[in-house]
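Working notes, beginning with the structure itself.
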Amino acid sequence: MPLTGKIALITGVSGGVGSAVARWLADQGMTVIGTYNGTVPAVDESGKSGGQIHFVQLDQRSPASIEALAEVVSQRHECLDLLVNNAAWNVGIPFNDLDGLTPELWDKVLETNLRGPFLMARALAPLLKAHGRGRIVNISSVAGVAPMGSSIAYASGKAGLNHLTRCLAVAMAPDVAVNCIALGLVENTKMANRSMNQDGQKALRKNVLLGRNVQLDDVCSQVLTFLNSTSITGQTVVIDGGIVAALH
């Protein structure tokens, strides 16, 4: 599918996966709306093939903020080709530290990582359905596939996101295909550094079957596969270098 002139909205583009996917799609000619909830370059960026990245602030925990964003997108564009729910939040709390996982932290993780993607899909559904071939790609984690990750809240939220993908695939068919990518560790991102130091990230790499953690080019390629596909929906693809397989 030619991507020039297509419209994508990607949450959480201030670094790591979201930033890489946004720039990659812009390089393919897409117009990308990238959301952030922190520090981000104030100047829009241009891609190699005429695509653009426009940065918009969004508090994914706020339904009002999401609805306002959906209204802005609706005013500027007749439809939306792709929504990538990438924005997430985590904090490192060992699974056995039940007292350390306070209700406040639990709510922040789940509101951002699970409720937020649902509210985004709901608010943008009319634009995604407008031409009958919208796509949603949720960015999940291997923590939602196996009991691992930065905290029980993070793992539970990502497991919920995997199932939300299947539920939304049913709810939004046949006009929108909804799929998911469950990632292993993407080294040296803000998300990874928040829950694991450099030594920990290096040690984890030794337990990965392929000897290397997630490569951003693989993530971008999988997003393109989901975008181009006409017969895939409700699926979660694991990209982790083999960390989950190594557990068995």
Side-chain angles (χ1 to χ4, degrees), residues 1-60 65-88 112 116-117 119-131 133-140 165 168 172 175-181 183 186 189-191 214-229 239:
M1 176 191 296
L3 299 186
T4 302
K6 301 292 184 181
I7 311 298
L9 193 156
I10 304 175
T11 63
V13 300
S14 56
V17 173
S19 179
V21 172
R23 289 182 170 84
W24 191 86
L25 291 176
D27 283 344
Q28 308 303 309
M30 292 191 78
T31 296
V32 179
I33 303 161
T35 76
Y36 66 96
N37 189 27
T39 303
V40 76
V43 180
D44 294 344
E45 298 184 7
S46 298
K48 296 177 182 178
S49 300
Q52 294 280 328
I53 305 175
H54 305 286
F55 297 105
V56 180
Q57 190 166 27
L58 173 71
D59 179 1
Q60 190 158 293
S65 182
I66 290 174
E67 292 291 340
L69 173 63
E71 180 62 27
V72 169
V73 177
S74 179
Q75 290 175 359
R76 296 179 180 177
H77 305 285
E78 295 181 355
C79 63
L80 184 65
D81 297 284
L82 172 66
L83 167 63
V84 180
N85 280 313
N86 169 72
T112 306
L119 294 179
M120 290 292 295
R122 186 181 72 164
L124 294 164
L127 288 171
L128 289 161
K129 292 179 178 181
H131 53 29
R133 55 180 184 276
R135 299 287 184 267
I136 296 176
V137 178
N138 295 320
I139 304 299
S140 183
T165 297
L168 287 176
M172 302 183 74
D175 298 314
V176 182
V178 186
N179 290 290
C180 185
I181 304 173
L183 298 178
V186 184
T189 62
K190 289 193 298 183
M191 180 74 73
V214 176
Q215 306 298 298
L216 289 173
D217 284 349
D218 291 337
V219 182
C220 294
S221 295
Q222 187 59 53
V223 171
L224 180 61
T225 295
F226 284 146
L227 181 58
N228 286 335
S229 170
I239 300 177

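This chain uses plain numbering: 1 for the first residue, then up along the sequence. No hydrogens, no waters, no symmetry mates; every other heavy atom, side chains included, goes into these values. On a predicted model such as this, the values are computed, not experimentally measured, just so you know.
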Going through the checks in order, is the side chain to side chain contact (heavy atoms under 4.5 Å, CB included) test met by Leu128 and Asp175?
CA-CA 8 Å; Leu128 289 161; Asp175 298 314; over 6 Å; no

State, yes or no, whether a side-chain contact exists between Leu127 and Ser74 at a heavy-atom distance under 4.5 Å.
yes

Could you tell me the separation between the CG atom of Leu3 and the CG atom of Leu224, rounded to the nearest 0.5 Å?
6.0 Å

Tell me whether the count of non-hydrogen atoms from other residues, nucleotides or ligands lying under 6.0 Å of CD in Glu78 goes above 12.
no

Between atom OG of Ser140 and atom CD1 of Ile181, what is the distance when rounded to the nearest 0.5 Å?
10.0 Å

In terms of heavy-atom contacts, Asn37 and Asp59 come closest through ND2-OD1, 4.1 Å

Val21 vs Asn86 side-chain heavy atoms within contact, under 4.5 Å:
no

Drop me the distance from Leu183's CG to Gln222's CD, to the nearest 0.5 angstrom.
10.0 Å

Please find the pair of heavy atoms, one from Pro117 and one from Thr112, that lie closest to each other, and give the distance.
CD-O, 3.5 Å

Do side-chain atoms of Ser221 reach the backbone of Asp217 as a donor and acceptor pair under 3.5 angstrom?
yes

Which residues pass the side-chain contact (heavy atoms from CB on, under 4.5 Å) test with Asp218, not counting sequence neighbours?
Gln215, Ile239

Step by step, would you call Trp24 with Leu216 a side chain to side chain contact (heavy atoms under 4.5 Å, CB included)?
CA-CA 10 Å; Trp24 191 86; Leu216 289 173; over 6 Å; no

Any sub-3.5 Å donor-acceptor pair from Thr31's side-chain atoms to Gly51's backbone N or O?
no

As an exercise, state the distance from CD1 of Ile33 to CG of Leu82, rounded to the nearest 0.5 Å.
11.0 Å

Sorted by chain and number, sequence neighbours left out, side-chain contact (heavy atoms from CB on, under 4.5 Å) with Arg122 holds for Glu67, Phe118, Leu119

Using side chain to side chain contact (heavy atoms under 4.5 Å, CB included) as the criterion, point out the one residue from Thr165, Val178, Leu124, Val84 that pairs with Ile136.
Val178

Can you name the closest pair of heavy atoms from Gln60 and Met120 and give their distance?
OE1-CG, 4.2 Å

At their closest point, which heavy atom of Gly12 faces which heavy atom of Ala87, and how far apart are they?
N-CB, 3.7 Å

Looking at side-chain heavy atoms only, is the closest gap between Val13 and Ile53 below 4.5 Å?
no

Asp81 and Lys6: which non-hydrogen atoms are nearest, and at how many Å?
OD2-CA, 3.3 Å

Check whether any side-chain heavy atom of Leu9 lies under 4.5 Å from a side-chain heavy atom of Thr35, and answer yes or no.
yes

For Met30 and Ala8, work out which heavy atoms get closest and say how close.
CE-CB, 3.6 Å

Given side chains that start at C-beta, do those of Val72 and Val56 come closer than 4.5 Å, heavy atoms only?
no

